[in-house]
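Basis for what follows: all heavy atoms, side chains included, without hydrogens, waters or symmetry-related copies. Quick note: residue numbers are just sequence positions, from 1.
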Amino acid sequence: MVAALARSEWKPGEAIPPEKVLCTRFNVSIGTLRKAIDELVAENILVRQQGRGTFVTVHNHGPRLFRFFNYERHDGHRDAPELTLISFTEIKADKVVAAKLGLAIGAKVFNIISVRGFGDGPVLAEDIKLPRALFPRMTEDQLRTHHSPLYSQYQNEYGVNVVRIEEGVRATLASPEHAELLHVEPGAPLLQVHRVAYSFNDQPVEYRISHVNTEHHQYARSVT
């Protein structure tokens, strides 16, 4: 079943087939199938809608957005972030990027520099690396004109479904570049968050480094 999802056999927001159909296709018992579906629902890969069926999860501006957005105000309130694209370029993967994304050194990757905020100023400066092979039609114009979250674009435009992330957090000081992007003084304390996002079968699809101004916001790993 995971293989079928990985092939985008069922599109985002689309219902999966009835249980009897799936049992026949995969030659499993109803109990085994339901256990597999339960696990996929627990991982937010599928979502049940009472009276309607089970659907492929969509990354959108609703509650699912905050599964992978781990920042909130100090009072615990979470808002959908506003993204401003700074630059979009194609580069060659260095040793670190190649290792994070499972690529050969020198493979083509897209490099996205962006800033995200909440209407009261920038909070995150992000440096995102994507394997070009997974996103062959991506353009700067597309990123500037599409206002849906990036993971929603990955899913809807390219069939790349982020199902889990790994993150590490450390303290750092603002470089002149990040100070300018985040409207802070050079040397101001920031959080640096390293993320690798994975699709099905543990395929790495994104490497992201975020620098976070924590004056009014904090890192809070979502468990939804």
> Write down the atom of P131, the atom of P204, and the distance for their closest heavy-atom approach.
CG-O, 4.5 Å
> How far does CD of E157 sit from CG of L150, to the nearest 0.5 angstrom?
11.5 Å
> Determine whether H183 and P122 make a side-chain contact, defined as any pair of heavy atoms from C-beta on separated by less than 4.5 Å.
yes
> For P81, is there any backbone N or O sitting under 3.5 Å from a side-chain donor or acceptor partner on D79?
no
> A side-chain contact here means heavy atoms from C-beta on lying under 4.5 Å apart; do L130 and I112 qualify?
yes
> Do T32 side-chain atoms and V28 backbone N/O form a donor-acceptor pair below 3.5 Å?
no
> Please check if any side-chain donor atom of E215 sits under 3.5 Å from a side-chain acceptor atom of H217, or the reverse.
no
> Please step through side-chain hydrogen bond (donor to acceptor under 3.5 Å, both in side chains) for the pair H211 and Q192, ending with a clear verdict.
CA-CA 5 Å; H211 286 81; Q192 186 183 81; 3.0 Å; yes
> Run the side chain to side chain contact (heavy atoms under 4.5 Å, CB included) test on V193 and I209 for me, step by step, so that the C-alpha distance in whole Å, both residues' side-chain angles and the decisive distance to 0.1 Å come before the verdict.
CA-CA 6 Å; V193 182; I209 301 176; over 6 Å; no
> If hydrophobic clusters are built by linking Ile, Leu, Val, Met, Phe, Trp and Tyr wherever their side-chain heavy atoms come under 4.5 Å apart, do L40 and F26 end up in the same one?
yes
> If I take atom CZ from residue R195 and atom OG from residue S210, how far apart are they, to the nearest 0.5 angstrom?
6.5 Å
> Specify the closest pair of heavy atoms between L181 and A125, including all atoms of both residues, with the distance to one decimal.
CD1-CB, 4.0 Å
> So V169 and V212, side chain to side chain contact (heavy atoms under 4.5 Å, CB included) or not? Walk me through it.
CA-CA 10 Å; V169 181; V212 188; over 6 Å; no
> Should V109 and V96 be regarded as members of a common hydrophobic cluster, given that ILVMFWY residues are connected when their side-chain heavy atoms come within less than 4.5 Å of each other, either directly or indirectly?
yes
> Below 4.5 Å, heavy atoms only, C-beta onward: do I86 and V115 meet side chain to side chain?
yes
> Check this for me: N27, atom CG, are more than 12 non-hydrogen atoms of other residues, nucleotides or ligands nearer than 6.0 Å?
no
> When rounded to the nearest 0.5 angstrom, what distance separates CG in N161 from CZ in F200?
4.5 Å
> Any chain of hydrophobic side-chain contacts (each under 4.5 Å) joining F110 to V160?
yes
> Strictly distance-based, threshold 3.5 Å: is any side-chain N or O of R78 a donor or acceptor partner for the main-chain N or O of F69?
yes
> Going by heavy atoms in the side chains, are N70 and I165 under 4.5 Å from each other?
yes
> Could you check whether R116 pairs with E126 (Lys NZ or Arg NE/NH1/NH2 to Asp/Glu carboxylate O, under 4.0 Å)?
yes
> I'd like to know if F68 and Y154 are part of one continuous hydrophobic network [Ile/Leu/Val/Met/Phe/Trp/Tyr, side-chain heavy atoms within less than 4.5 Å].
yes
> Start with the C-alpha distance between L191 and N213, add both sets of side-chain angles, then the distance that settles side chain to side chain contact (heavy atoms under 4.5 Å, CB included), and finish with yes or no.
CA-CA 7 Å; L191 281 186; N213 179 3; over 6 Å; no
> Tell me the side chain to side chain donor-acceptor pair (under 3.5 Å) pairs involving residues 96-113, sequence neighbours left out?
N111-D127
> Are I128 and L83 joined in one hydrophobic group, where the rule is that I, L, V, M, F, W and Y side chains link up if heavy atoms are under 4.5 Å apart?
yes
> With L190 as reference, evaluate T172, L124, L173 under the side chain to side chain contact (heavy atoms under 4.5 Å, CB included) test and give the passing residue.
T172
> Where do E206 and Y151 land on the side-chain hydrogen bond (donor to acceptor under 3.5 Å, both in side chains) test, with the steps shown first?
CA-CA 10 Å; E206 177 198 79; Y151 285 5; 2.7 Å; yes
> Are Y219 and E167 close enough that a side-chain donor and a side-chain acceptor fall under 3.5 Å?
yes
> Atom OG1 of T139 and atom CZ of F88: how far apart are they, to the nearest 0.5 Å?
6.5 Å
> Is K129 salt-bridged to D94, cutoff N-O under 4.0 Å?
no
> Would you please name every residue forming a side chain to side chain donor-acceptor pair (under 3.5 Å) with R25, sequence neighbours left out?
E9
> If you count every heavy atom of other residues, nucleotides or ligands that lies below 6.0 Å from Q142 atom CD, does the total exceed 12?
yes
> What's the separation between atom OG1 in T89 and atom CD in E140, rounded to the nearest 0.5 Å?
9.0 Å
> Tell me, please, which residues at least two apart from D202 pass side chain to side chain donor-acceptor pair (under 3.5 Å).
R164
> What are the two closest non-hydrogen atoms of A98 and A93, and how far apart are they?
N-CB, 4.0 Å
> Does Y158 use its side chain to pair, donor to acceptor, with the backbone of M138 at less than 3.5 Å?
yes
> Could you tell me whether E90 and R132 have a side-chain N and a carboxylate O separated by less than 4.0 Å?
yes
> Got a second to check how far L33's CG is from T24's OG1, nearest 0.5 Å?
10.0 Å
> Do the non-hydrogen side-chain atoms of E14 and F55 ever get within less than 4.5 Å of each other?
no
> Nearest heavy-atom pair of E185 and A179: which atoms, and what distance?
C-CB, 3.8 Å
> Report yes if the distance between the aromatic ring centroids of H216 and F118 is under 6.0 Å, otherwise no.
no
